[in-house]
Amino acid sequence: MAAEPQPEDSQTLTLPTGRILGFATYGSPPSPGIPVIFYFHGFPTSRIEGAFAASTKVKPHVVAIDRPGIGLSSFQPARRILDWPSDVLAIADHLNIEKFHVIGASGGGPYALVCAKEIPRTRLLSVSMVSGIYPLSLGTEGMLLGVRAILYGGAWLPRFMMAKLLDWEFGTPARNKDPKVFEDSFMKGMEKRAERDKRCLDDLPFRKTMVESMREAFRQGADGPAWDCSLYADWGFDLEEVDGEKITLWHGKEDPNAPVAMAVKAAKLMKGCRLRIIEGECHMSLSYHHTEEIVQAVKDLGLD
């Protein structure tokens with residue numbers, strides 16, 4: 001008997017090891033002339049976030065993957081950022097996708113750059129990093145205190161303690177059967193964020209996507225997000241090892257979550273890298289206001 005078709009936003013692939021990867025596909029079906037974009041979600045969010053990248057006039061085919069322990073992807077003990085490219089290629093092979101672009105947003109940024117380092121150019125066409133998180137060694141001056149606390153907490157706290165903290169703040173309301181409970185918690189957490197970022201959430205469909213994406217991140221609890229957080233302090237590779245020829249860094253000049261100075265320093269370390277600093281934009285607002293431009297730029301880079 002043939003397997004039941006999976007919902008496009010809730011698909012899974014079981015690897016030979018038995019580990020499960022969760023992913024979603026959005027936008028146009030793969031076909032000639034349609035760019036394929038693998039979208040790597042932020043922290044702490046999930047594959048659901050990728051829907052926004054597909055809602056452009058370009059209508060790309062978007063594949064958004066849950067990182068291990070997040071959403072539908074099973075936990076991977078002792079995982080590293082360097083392990084990510086093999087998961088990406090497993091999904092690409094499963095979907096018969098030979099060539100593709102990558103967009104990594106916020107906490108998905110390191111995972112985009114490790115693909116630039118590890119995946120052959122014959123398959124990876126380009127990498128775009130949007131409001132990305134960069135190595136803490138590049139400096140955190142100007143970063144929101146709450147964001148800095150989470151990143152350094154992930155680096156120094158025992159993972160079980162970080163998991164408890166994340167579960168207390170996000171996991172408990174995420175498990176509440178009433179989705180409004182988590183939405184209220186999410187909106188309260190946004191009160192201390194930049195005003196331009198907060199205004200993006202006046203768009204109710206966009207807010208719904210972001211809330212659902214974060215809620216889904218805690219489907220299995222907080223162990224996956226806590227592990228994710230712990231890796232931002234040590235990527236396992238240096239930016240100087242990454243060929244920047246096919247990389248574009250998009251960053252809001254007023255980003256308080258990941259200060260633009262970090263992006264400027266990172267761009268200098270990756271030879272050939274392009275840096276696009278957008279005046280007046282913050283962290284979330286960059287994606288909200290410029291996804292159309294970013295996806296169009298990806299398409300303009302070509303399909304070969």
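Sequential numbering from 1 along the given sequence is applied to the chain's residues. Every heavy atom of this structure was used, including side-chain atoms; hydrogens, water molecules and symmetry mates were not. Predicted model, so just to flag it, every value in this text is computed and none were measured.
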(request) Considering only NZ, NE, NH1 and NH2 on the basic side and carboxylate oxygens on the acidic side, decide whether E212 and R215 come within less than 4.0 Å. (result) no
(message) Between the side chains of R67 and D83, is the shortest nitrogen-to-carboxylate-oxygen separation below 4.0 Å, so that they form an ion pair?
(response) no
(request) For the pair S73 (side chain) and D66 (backbone), establish whether a donor and an acceptor sit closer than 3.5 Å, ignoring hydrogens and angles. (result) yes
(message) Is it the case that over 12 heavy atoms from other parts of the model lie below 6.0 angstrom from the NZ atom of K164?
(response) no
(request) Just jot down the ring-ring contact (aromatic ring centres under 6.0 Å, His included) partners of W250, sequence neighbours excluded, or say none. (result) none
(request) Look at the side chain of R148 and the backbone N and O of T140, then say whether any donor-acceptor pair between them is shorter than 3.5 Å. (result) yes
(message) With a 3.5 Å distance limit and no angle check, can you tell me whether S285 reaches the backbone of D197 through a side-chain donor-acceptor pair?
(response) no
(message) Determine whether a donor-acceptor pair (N or O, by modelled atom type, separation under 3.5 Å) exists between the side chain of S55 and the backbone of F52.
(response) yes
(message) Quiz question: by atom type and distance under 3.5 Å, do the side chains of S74 and R19 form a donor-acceptor pair?
(response) no
(request) Could you walk me through whether L124 and V102 pass the side chain to side chain contact (heavy atoms under 4.5 Å, CB included) test, one step at a time? (result) CA-CA 8 Å; L124 183 60; V102 159; 3.6 Å; yes
(request) Examine the side chains of T25 and Q11 and answer whether a donor and an acceptor come within less than 3.5 Å of each other. (result) yes
(request) Using only heavy-atom distances, determine whether the side chains of S46 and H41 contain a donor-acceptor pair under 3.5 Å. (result) no
(message) Taking S287's backbone N and O only, do any of them form a donor-acceptor pair with T291's side chain (distance below 3.5 Å, no angle check)?
(response) yes
(message) Quick check against the 3.5 Å criterion: does E183 have a side-chain atom that pairs as donor or acceptor with the backbone of V211?
(response) no
(message) Do the side chains of E281 and R196 get close enough for a salt bridge, i.e. N-O under 4.0 angstrom?
(response) yes
(request) Indicate yes or no for a side-chain donor-acceptor contact from R175 to the backbone of G221 under 3.5 Å, with no hydrogens or angles considered. (result) no
(message) If you apply the rule side chain to side chain contact (heavy atoms under 4.5 Å, CB included), what do you find for D300 with Q296, and how did you get there?
(response) CA-CA 6 Å; D300 291 345; Q296 182 62 56; 2.8 Å; yes
(request) Please go through I20's hydrophobic cluster and name the other residues, only I, L, V, M, F, W, Y counting, with side-chain heavy atoms under 4.5 Å joining them. (result) none
(request) Classify the angle between the aromatic ring planes of F170 and F218 as parallel (below 30°), tilted (30 to 60°) or perpendicular (above 60°). (result) parallel
(message) Please determine whether the number of non-hydrogen atoms from other residues, nucleotides or ligands lying under 6.0 Å from atom CD of E8 exceeds 12.
(response) no
(message) Once side chain to side chain donor-acceptor pair (under 3.5 Å) is applied, what residue pairs with a partner in residues 102-117 remain, sequence neighbours excluded?
(response) R79-Y111, S106-H283, Y111-D228
(request) Rounded to the nearest 0.5 Å, what's the gap from CG on L125 to CZ on F100? Could you check? (result) 8.0 Å
(message) Ignoring hydrogens and geometry beyond distance, is a side-chain donor-acceptor pair present between D203 and Y288 at under 3.5 Å?
(response) yes
(request) Would you please test E191 and K188 for salt bridge (charged side-chain N to carboxylate O under 4.0 Å, His left out) and show each step? (result) CA-CA 5 Å; E191 289 177 357; K188 184 176 181 180; over 6 Å; no
(message) I'd like to know if E216 and R219 make a salt bridge, using a cut-off of under 4.0 Å between side-chain N and carboxylate O.
(response) yes
(message) Any side-chain to backbone donor/acceptor pair from S213 onto M210? Under 3.5 Å, distance only.
(response) no
(message) Within the supplied structure, the quantity of interest is the number of heavy atoms (other residues, nucleotides, ligands) at a distance under 6.0 Å from L204 CG; does it exceed 12?
(response) yes
(message) Treating S28 as the side-chain partner and K59 as the backbone partner, does any N or O pair qualify as donor plus acceptor under 3.5 Å?
(response) yes
(message) Please determine whether a side-chain nitrogen of the Lys or Arg among D202 and R199 lies less than 4.0 Å from a carboxylate oxygen of the Asp or Glu.
(response) no
(message) Check this for me: E240, atom CD, are more than 12 non-hydrogen atoms of other residues, nucleotides or ligands nearer than 6.0 Å?
(response) yes
(request) Please lay out, stage by stage, how V130 and L249 fare under the test side chain to side chain contact (heavy atoms under 4.5 Å, CB included). (result) CA-CA 6 Å; V130 182; L249 310 182; over 6 Å; no
